[in-house]
Engineer: 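Let me begin by handing over the structure; questions about it come next.
These figures come from a predicted structure and were not determined experimentally. Lettering of chains follows the sequences in order, A, B, ..., and the numbering in each one begins at 1. The figures here come from the full heavy-atom set of this structure, side chains too, leaving out hydrogens, waters and symmetry mates.
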There are 2 protein chains.
Amino acid sequence: MDNYVKVKFDKIDRKILEILQANAKITNAQLSKDIGLSPAPTLERVKKLEQSGIIKSYHAKLDPEKIGLGVSTFVLVGLVGHNKANIEAFMKEIDQISEVIECHHITGTGDFILKIISKDITSYQKLMLEKVSEIKEVDSMQSMVILSTFKDSKVLPIPA
Amino acid sequence: MDNYVKVKFDKIDRKILEILQANAKITNAQLSKDIGLSPAPTLERVKKLEQSGIIKSYHAKLDPEKIGLGVSTFVLVGLVGHNKANIEAFMKEIDQISEVIECHHITGTGDFILKIISKDITSYQKLMLEKVSEIKEVDSMQSMVILSTFKDSKVLPIPA
DNA sequence: GAATTTACCGAATTATATGCGGTGCAAATT
DNA sequence: AATTTGCACCGCATATAATTCGGTAAATTC
(Lines give C-alpha, C1' and ligand atoms only; values in the text may rest on other atoms or scores of the structure.)
Protein backbone atom coordinates (compact mmCIF):
# COMPACT_ATOMS: atom_id res chain seq x y z
CA MET A 1 0.00 0.00 0.00
CA ASP A 2 1.74 3.08 -1.23
CA ASN A 3 -0.53 5.82 -0.16
CA TYR A 4 0.97 9.01 1.20
CA VAL A 5 3.46 9.36 -1.59
CA LYS A 6 5.40 12.40 -0.58
CA VAL A 7 5.77 14.67 -3.55
CA LYS A 8 8.04 17.65 -3.65
CA PHE A 9 7.07 21.02 -4.98
CA ASP A 10 8.62 24.43 -4.58
CA LYS A 11 7.38 27.98 -4.30
CA ILE A 12 6.81 28.27 -8.05
CA ASP A 13 4.81 25.05 -8.13
CA ARG A 14 2.70 26.34 -5.27
CA LYS A 15 1.90 29.45 -7.23
CA ILE A 16 0.97 27.37 -10.26
CA LEU A 17 -1.35 25.29 -8.10
CA GLU A 18 -3.00 28.35 -6.64
CA ILE A 19 -3.60 29.81 -10.06
CA LEU A 20 -4.91 26.62 -11.63
CA GLN A 21 -7.26 25.97 -8.74
CA ALA A 22 -8.79 29.40 -9.22
CA ASN A 23 -8.75 29.35 -13.00
CA ALA A 24 -8.01 26.19 -14.90
CA LYS A 25 -8.64 27.84 -18.25
CA ILE A 26 -5.67 30.16 -18.14
CA THR A 27 -3.34 29.75 -21.12
CA ASN A 28 0.11 28.37 -20.55
CA ALA A 29 1.52 31.62 -21.93
CA GLN A 30 -0.35 33.71 -19.37
CA LEU A 31 0.47 31.30 -16.57
CA SER A 32 4.14 31.52 -17.45
CA LYS A 33 3.99 35.31 -17.23
CA ASP A 34 2.23 35.17 -13.88
CA ILE A 35 4.87 32.93 -12.36
CA GLY A 36 7.83 34.58 -14.09
CA LEU A 37 9.05 31.73 -16.28
CA SER A 38 8.97 31.08 -20.00
CA PRO A 39 6.23 28.84 -21.45
CA ALA A 40 8.37 25.72 -21.88
CA PRO A 41 9.40 25.08 -18.28
CA THR A 42 6.01 26.25 -17.10
CA LEU A 43 4.33 23.54 -19.11
CA GLU A 44 6.86 21.04 -17.88
CA ARG A 45 5.99 21.87 -14.30
CA VAL A 46 2.27 21.59 -14.91
CA LYS A 47 2.73 18.18 -16.56
CA LYS A 48 4.79 16.98 -13.64
CA LEU A 49 2.16 18.16 -11.19
CA GLU A 50 -0.42 16.22 -13.18
CA GLN A 51 1.68 13.08 -13.45
CA SER A 52 2.56 13.07 -9.77
CA GLY A 53 -1.13 13.18 -8.93
CA ILE A 54 -0.98 16.51 -7.13
CA ILE A 55 -3.33 17.81 -9.79
CA LYS A 56 -6.00 15.13 -10.05
CA SER A 57 -8.38 16.58 -12.61
CA TYR A 58 -10.03 19.65 -14.08
CA HIS A 59 -13.72 20.51 -13.77
CA ALA A 60 -16.25 23.03 -14.95
CA LYS A 61 -18.24 24.57 -12.11
CA LEU A 62 -21.89 25.15 -12.94
CA ASP A 63 -24.53 27.38 -11.41
CA PRO A 64 -26.91 24.90 -9.75
CA GLU A 65 -29.94 27.18 -9.91
CA LYS A 66 -29.53 27.91 -13.58
CA ILE A 67 -29.71 24.23 -14.38
CA GLY A 68 -32.73 23.72 -12.23
CA LEU A 69 -31.09 22.44 -9.08
CA GLY A 70 -32.66 24.50 -6.34
CA VAL A 71 -32.18 22.36 -3.26
CA SER A 72 -28.87 21.34 -1.69
CA THR A 73 -28.63 19.50 1.59
CA PHE A 74 -26.29 17.84 3.99
CA VAL A 75 -27.53 14.59 5.47
CA LEU A 76 -26.11 12.87 8.51
CA VAL A 77 -26.56 9.13 8.11
CA GLY A 78 -26.21 6.55 10.84
CA LEU A 79 -25.67 2.93 9.83
CA VAL A 80 -27.07 -0.14 11.55
CA GLY A 81 -23.55 -1.50 12.04
CA HIS A 82 -20.02 -0.35 11.52
CA ASN A 83 -18.42 -3.48 10.11
CA LYS A 84 -16.58 -3.39 6.82
CA ALA A 85 -19.16 -5.35 4.87
CA ASN A 86 -21.93 -3.00 5.91
CA ILE A 87 -20.00 0.09 5.04
CA GLU A 88 -19.04 -1.30 1.66
CA ALA A 89 -22.60 -2.27 0.87
CA PHE A 90 -23.75 1.20 1.83
CA MET A 91 -21.10 2.82 -0.34
CA LYS A 92 -21.99 0.69 -3.31
CA GLU A 93 -25.57 1.94 -3.15
CA ILE A 94 -24.57 5.54 -2.58
CA ASP A 95 -22.25 5.43 -5.56
CA GLN A 96 -25.18 4.83 -7.85
CA ILE A 97 -27.16 7.82 -6.69
CA SER A 98 -26.01 10.71 -8.84
CA GLU A 99 -27.73 13.28 -6.63
CA VAL A 100 -25.34 12.33 -3.83
CA ILE A 101 -22.32 14.33 -4.86
CA GLU A 102 -20.28 13.79 -1.70
CA CYS A 103 -20.04 11.05 0.90
CA HIS A 104 -17.66 11.20 3.84
CA HIS A 105 -17.09 8.86 6.74
CA ILE A 106 -16.97 10.98 9.87
CA THR A 107 -16.46 11.01 13.59
CA GLY A 108 -18.99 12.70 15.81
CA THR A 109 -22.75 12.94 15.48
CA GLY A 110 -23.40 10.56 12.61
CA ASP A 111 -21.48 7.93 10.79
CA PHE A 112 -21.58 9.51 7.36
CA ILE A 113 -22.32 12.89 5.94
CA LEU A 114 -23.71 13.24 2.44
CA LYS A 115 -24.08 16.27 0.25
CA ILE A 116 -27.13 15.97 -1.94
CA ILE A 117 -28.37 18.20 -4.69
CA SER A 118 -31.78 18.04 -6.29
CA LYS A 119 -34.40 19.95 -8.22
CA ASP A 120 -36.75 20.97 -5.44
CA ILE A 121 -38.02 19.87 -2.06
CA THR A 122 -40.47 17.45 -3.61
CA SER A 123 -37.87 15.59 -5.63
CA TYR A 124 -35.54 15.73 -2.63
CA GLN A 125 -38.12 14.06 -0.46
CA LYS A 126 -38.74 11.46 -3.13
CA LEU A 127 -35.03 10.76 -3.40
CA MET A 128 -34.67 10.32 0.33
CA LEU A 129 -37.74 8.12 0.70
CA GLU A 130 -37.26 5.94 -2.34
CA LYS A 131 -33.52 5.67 -2.56
CA VAL A 132 -31.49 6.66 0.49
CA SER A 133 -33.78 5.36 3.22
CA GLU A 134 -34.29 2.18 1.20
CA ILE A 135 -30.66 1.23 1.64
CA LYS A 136 -30.88 -1.49 4.25
CA GLU A 137 -27.72 -0.50 6.12
CA VAL A 138 -29.17 2.95 6.80
CA ASP A 139 -30.48 3.40 10.29
CA SER A 140 -30.97 7.10 10.96
CA MET A 141 -30.98 10.22 8.79
CA GLN A 142 -30.89 13.87 9.70
CA SER A 143 -31.25 16.50 6.99
CA MET A 144 -29.84 19.99 6.93
CA VAL A 145 -31.20 22.06 4.08
CA ILE A 146 -28.89 24.72 2.70
CA LEU A 147 -30.67 28.06 2.78
CA SER A 148 -27.83 29.88 1.10
CA THR A 149 -24.18 29.35 0.36
CA PHE A 150 -21.81 32.14 1.39
CA LYS A 151 -18.55 30.56 0.44
CA ASP A 152 -17.72 27.74 -1.91
CA SER A 153 -14.04 28.04 -2.64
CA LYS A 154 -12.29 25.66 -4.97
CA VAL A 155 -8.91 26.85 -3.73
CA LEU A 156 -7.23 24.77 -1.04
CA PRO A 157 -4.90 26.59 1.38
CA ILE A 158 -1.56 25.03 0.46
CA PRO A 159 0.67 24.89 3.56
CA ALA A 160 4.01 26.70 3.33
CA MET B 1 -32.15 42.44 -8.86
CA ASP B 2 -32.08 39.91 -11.63
CA ASN B 3 -31.29 36.66 -9.94
CA TYR B 4 -32.99 33.48 -11.11
CA VAL B 5 -32.45 34.19 -14.78
CA LYS B 6 -34.02 31.26 -16.51
CA VAL B 7 -31.67 29.99 -19.16
CA LYS B 8 -32.56 27.52 -21.85
CA PHE B 9 -30.43 24.61 -22.90
CA ASP B 10 -31.18 21.50 -24.91
CA LYS B 11 -30.08 17.89 -24.87
CA ILE B 12 -26.80 18.66 -26.61
CA ASP B 13 -25.99 21.43 -24.13
CA ARG B 14 -26.72 19.03 -21.30
CA LYS B 15 -24.23 16.58 -22.71
CA ILE B 16 -21.64 19.33 -23.05
CA LEU B 17 -22.18 20.28 -19.42
CA GLU B 18 -21.82 16.70 -18.27
CA ILE B 19 -18.59 16.28 -20.16
CA LEU B 20 -17.06 19.58 -19.05
CA GLN B 21 -17.94 18.96 -15.43
CA ALA B 22 -16.11 15.65 -15.55
CA ASN B 23 -13.22 16.87 -17.67
CA ALA B 24 -12.69 20.53 -18.32
CA LYS B 25 -9.47 19.92 -20.21
CA ILE B 26 -11.03 18.12 -23.16
CA THR B 27 -10.22 19.78 -26.49
CA ASN B 28 -13.02 21.39 -28.42
CA ALA B 29 -12.30 18.98 -31.27
CA GLN B 30 -12.80 15.94 -29.04
CA LEU B 31 -15.83 17.48 -27.37
CA SER B 32 -17.39 18.07 -30.77
CA LYS B 33 -16.88 14.42 -31.68
CA ASP B 34 -18.39 13.26 -28.41
CA ILE B 35 -21.55 15.29 -28.92
CA GLY B 36 -21.77 14.71 -32.67
CA LEU B 37 -21.29 18.22 -33.98
CA SER B 38 -18.46 19.97 -35.79
CA PRO B 39 -16.03 22.12 -33.81
CA ALA B 40 -17.47 25.50 -34.77
CA PRO B 41 -21.01 25.16 -33.36
CA THR B 42 -19.64 23.20 -30.42
CA LEU B 43 -17.44 26.10 -29.41
CA GLU B 44 -20.34 28.46 -29.96
CA ARG B 45 -22.44 26.47 -27.53
CA VAL B 46 -19.72 26.39 -24.90
CA LYS B 47 -19.25 30.15 -25.16
CA LYS B 48 -22.97 30.69 -24.76
CA LEU B 49 -23.05 28.47 -21.71
CA GLU B 50 -20.22 30.50 -20.24
CA GLN B 51 -21.79 33.86 -21.08
CA SER B 52 -25.17 32.87 -19.70
CA GLY B 53 -23.51 31.96 -16.42
CA ILE B 54 -24.50 28.30 -16.52
CA ILE B 55 -20.80 27.55 -16.57
CA LYS B 56 -19.35 29.74 -13.85
CA SER B 57 -15.69 28.80 -13.86
CA TYR B 58 -13.07 26.12 -14.32
CA HIS B 59 -10.91 24.65 -11.57
CA ALA B 60 -8.06 22.25 -11.02
CA LYS B 61 -8.80 19.65 -8.37
CA LEU B 62 -5.82 18.79 -6.18
CA ASP B 63 -5.05 15.82 -3.98
CA PRO B 64 -5.21 17.29 -0.46
CA GLU B 65 -2.88 14.73 1.10
CA LYS B 66 -0.19 15.23 -1.50
CA ILE B 67 -0.01 18.91 -0.68
CA GLY B 68 0.12 18.28 3.03
CA LEU B 69 -3.53 18.76 3.90
CA GLY B 70 -4.36 15.74 6.00
CA VAL B 71 -7.37 16.88 7.98
CA SER B 72 -10.76 17.85 6.63
CA THR B 73 -13.74 18.59 8.82
CA PHE B 74 -17.29 19.77 8.85
CA VAL B 75 -18.18 22.16 11.64
CA LEU B 76 -21.67 23.07 12.77
CA VAL B 77 -21.66 26.62 14.04
CA GLY B 78 -24.37 28.23 16.09
CA LEU B 79 -24.49 32.03 16.24
CA VAL B 80 -25.42 34.13 19.23
CA GLY B 81 -28.17 35.82 17.23
CA HIS B 82 -29.79 35.44 13.83
CA ASN B 83 -30.15 39.05 12.80
CA LYS B 84 -28.75 40.28 9.53
CA ALA B 85 -25.95 42.33 11.06
CA ASN B 86 -24.68 39.37 13.03
CA ILE B 87 -24.71 37.05 10.09
CA GLU B 88 -22.91 39.56 7.92
CA ALA B 89 -20.26 40.17 10.53
CA PHE B 90 -19.75 36.43 10.87
CA MET B 91 -19.47 36.01 7.11
CA LYS B 92 -16.95 38.78 6.82
CA GLU B 93 -14.67 37.01 9.27
CA ILE B 94 -15.17 33.60 7.70
CA ASP B 95 -14.32 34.99 4.28
CA GLN B 96 -10.83 35.83 5.49
CA ILE B 97 -10.03 32.35 6.71
CA SER B 98 -8.65 30.48 3.73
CA GLU B 99 -8.91 27.13 5.49
CA VAL B 100 -12.68 27.51 5.48
CA ILE B 101 -13.43 26.43 1.95
CA GLU B 102 -17.21 26.26 2.30
CA CYS B 103 -19.79 28.06 4.40
CA HIS B 104 -23.50 27.38 4.15
CA HIS B 105 -26.44 28.76 6.04
CA ILE B 106 -28.63 25.82 7.02
CA THR B 107 -31.81 24.71 8.68
CA GLY B 108 -31.71 22.03 11.35
CA THR B 109 -29.10 21.35 13.99
CA GLY B 110 -26.86 24.37 13.65
CA ASP B 111 -27.03 27.71 11.95
CA PHE B 112 -24.07 27.27 9.66
CA ILE B 113 -22.00 24.43 8.39
CA LEU B 114 -18.38 24.96 7.43
CA LYS B 115 -16.00 22.75 5.55
CA ILE B 116 -12.48 23.24 6.80
CA ILE B 117 -9.24 21.81 5.54
CA SER B 118 -5.93 21.92 7.33
CA LYS B 119 -2.53 20.34 7.71
CA ASP B 120 -3.10 18.16 10.74
CA ILE B 121 -5.07 17.94 13.93
CA THR B 122 -2.74 20.32 15.70
CA SER B 123 -3.08 23.08 13.16
CA TYR B 124 -6.80 22.38 12.97
CA GLN B 125 -7.14 22.87 16.70
CA LYS B 126 -5.10 26.04 16.51
CA LEU B 127 -7.28 27.36 13.71
CA MET B 128 -10.45 26.66 15.64
CA LEU B 129 -9.19 28.13 18.88
CA GLU B 130 -7.48 31.20 17.52
CA LYS B 131 -9.66 32.09 14.57
CA VAL B 132 -13.10 30.53 14.39
CA SER B 133 -14.01 30.55 18.07
CA GLU B 134 -12.62 34.09 18.34
CA ILE B 135 -15.35 35.41 16.07
CA LYS B 136 -17.64 37.11 18.55
CA GLU B 137 -20.88 36.08 16.83
CA VAL B 138 -19.98 32.43 17.25
CA ASP B 139 -21.80 30.71 20.08
CA SER B 140 -21.44 26.96 19.65
CA MET B 141 -19.28 24.70 17.50
CA GLN B 142 -19.48 21.01 16.80
CA SER B 143 -16.76 19.33 14.77
CA MET B 144 -17.04 16.29 12.56
CA VAL B 145 -13.68 15.03 11.39
CA ILE B 146 -13.64 13.31 8.02
CA LEU B 147 -12.07 9.88 8.40
CA SER B 148 -12.26 9.12 4.70
CA THR B 149 -14.01 10.42 1.64
CA PHE B 150 -15.84 7.86 -0.47
CA LYS B 151 -17.36 10.13 -3.02
CA ASP B 152 -16.50 13.64 -4.10
CA SER B 153 -18.15 14.15 -7.44
CA LYS B 154 -17.80 17.36 -9.35
CA VAL B 155 -20.66 16.39 -11.64
CA LEU B 156 -24.09 17.75 -10.80
CA PRO B 157 -27.11 15.67 -11.82
CA ILE B 158 -28.70 17.92 -14.43
CA PRO B 159 -32.49 17.43 -14.39
CA ALA B 160 -34.10 16.30 -17.64
C1' DG C 1 36.62 21.32 -8.73
C1' DA C 2 35.03 18.12 -12.25
C1' DA C 3 31.12 15.55 -13.66
C1' DT C 4 26.32 15.02 -13.77
C1' DT C 5 21.87 16.23 -13.37
C1' DT C 6 18.25 19.51 -13.46
C1' DA C 7 15.84 23.51 -14.84
C1' DC C 8 15.67 26.96 -17.93
C1' DC C 9 15.32 29.63 -22.46
C1' DG C 10 14.27 30.73 -27.44
C1' DA C 11 12.78 29.20 -31.67
C1' DA C 12 10.55 25.90 -34.79
C1' DT C 13 6.78 22.88 -35.24
C1' DT C 14 2.42 21.00 -34.41
C1' DA C 15 -2.06 21.16 -32.61
C1' DT C 16 -5.98 23.68 -31.40
C1' DA C 17 -9.12 27.39 -31.20
C1' DT C 18 -11.40 30.91 -33.58
C1' DG C 19 -13.65 33.65 -37.26
C1' DC C 20 -16.25 33.77 -41.51
C1' DG C 21 -19.08 32.90 -45.57
C1' DG C 22 -22.31 29.90 -47.20
C1' DT C 23 -26.19 26.28 -46.70
C1' DG C 24 -30.15 23.91 -45.20
C1' DC C 25 -33.87 23.36 -42.13
C1' DA C 26 -37.58 24.71 -39.17
C1' DA C 27 -40.64 27.90 -37.70
C1' DA C 28 -43.19 32.00 -38.47
C1' DT C 29 -45.69 34.90 -41.68
C1' DT C 30 -48.71 35.90 -45.31
C1' DA D 1 -49.38 26.25 -49.20
C1' DA D 2 -45.67 29.27 -50.49
C1' DT D 3 -42.45 32.64 -48.91
C1' DT D 4 -39.69 34.60 -45.73
C1' DT D 5 -36.92 34.82 -41.74
C1' DG D 6 -33.86 33.32 -38.44
C1' DC D 7 -31.02 29.79 -36.48
C1' DA D 8 -27.84 26.28 -36.12
C1' DC D 9 -24.83 24.06 -38.63
C1' DC D 10 -20.72 22.98 -41.73
C1' DG D 11 -16.07 23.42 -43.99
C1' DC D 12 -12.28 26.04 -44.56
C1' DA D 13 -8.93 29.73 -43.66
C1' DT D 14 -6.54 32.07 -40.16
C1' DA D 15 -4.88 33.11 -35.68
C1' DT D 16 -3.47 31.60 -31.36
C1' DA D 17 -1.66 28.41 -28.28
C1' DA D 18 0.64 24.19 -26.94
C1' DT D 19 4.43 21.32 -27.52
C1' DT D 20 8.96 19.77 -28.88
C1' DC D 21 13.89 20.28 -29.28
C1' DG D 22 18.66 21.71 -28.98
C1' DG D 23 21.46 24.26 -26.43
C1' DT D 24 23.02 26.69 -21.96
C1' DA D 25 23.50 27.89 -17.26
C1' DA D 26 23.00 26.75 -12.62
C1' DA D 27 22.82 23.67 -8.99
C1' DT D 28 24.06 19.16 -7.06
C1' DT D 29 26.88 15.18 -6.48
C1' DC D 30 31.08 12.75 -6.14
Engineer: Identify the pairs formed between an N or O of the protein and an N or O of nucleotides 6-10 of chain D at a distance under 3.5 Å, and give each distance.
Structural biologist:
| unit_1 | atom_1 | unit_2 | atom_2 | d |
| --- | --- | --- | --- | --- |
| D:dA8 | OP2 | B:Lys48 | NZ | 3.4 |
| D:dC9 | OP1 | B:Arg45 | NE | 3.4 |
| D:dC9 | OP1 | B:Arg45 | NH2 | 2.8 |
| D:dC9 | OP2 | B:Arg45 | NE | 3.2 |
| D:dC10 | OP2 | B:Ser38 | N | 2.6 |
| D:dC10 | OP2 | B:Ser38 | OG | 2.8 |
| D:dC10 | O5' | B:Ser38 | OG | 3.4 |

Engineer: Using OP1 and OP2 only, check whether a side-chain N or O of B:Lys47 sits under 4.0 Å from C:dA17.
Structural biologist: no

Engineer: Taking atom P of C:dA17 as reference, at what distance in whole Å does atom OH of B:Tyr58 sit?
Structural biologist: 12 Å

Engineer: Would a hydrophobic clustering, with Ile, Leu, Val, Met, Phe, Trp and Tyr connected at side-chain separations under 4.5 Å, put A:Leu17 with B:Ile101?
Structural biologist: yes

Engineer: Within a strict 4.5 Å, meaning less than it, do heavy atoms of the A:Ile106 and A:Leu76 side chains meet?
Structural biologist: yes

Engineer: A:Ser133 side chain to A:Met128 main-chain N or O, any donor-acceptor pair under 3.5 Å?
Structural biologist: yes

Engineer: Evaluate whether atom NZ of A:Lys33 has more than 12 neighbouring non-hydrogen atoms of other residues, nucleotides or ligands under 6.0 angstrom away.
Structural biologist: no

Engineer: Write down the distance between CD (B:Glu50) and P (C:dA17), rounded to a whole number of angstrom.
Structural biologist: 12 Å

Engineer: With a 6.0 Å cut-off (strictly less than), is the heavy-atom count around NZ of A:Lys126, excluding the residue itself, greater than 12?
Structural biologist: no

Engineer: Let's see if you get this right: which residues in residues 14-27 of chain B place a heavy atom under 4.0 Å from DNA chain C?
Structural biologist: B:Thr27

Engineer: Here's a test for you: under salt bridge (Lys or Arg N to Asp or Glu O under 4.0 Å), which of A:Lys115, A:Lys151, A:Lys154 qualifies with B:Glu102?
Structural biologist: A:Lys115

Engineer: Using whole Å, what does the distance between atom C1' of nucleotide C:dT16 and atom CG of B:Asn28 come to?
Structural biologist: 9 Å

Engineer: In this structure, how many angstroms lie between the C1' atom of C:dA17 and the CD atom of B:Gln30, rounded?
Structural biologist: 15 Å

Engineer: C:dA7 P sits how many Å from A:Ile35 CD1, rounded?
Structural biologist: 13 Å

Engineer: Name the orientation class of the two ring planes belonging to A:Phe112 and A:His105 (parallel below 30°, tilted from 30 to 60°, perpendicular beyond 60°).
Structural biologist: parallel

Engineer: Using 4.0 Å as the upper bound for N to carboxylate O, is an ion pair formed by A:Asp63 and A:Lys61?
Structural biologist: no

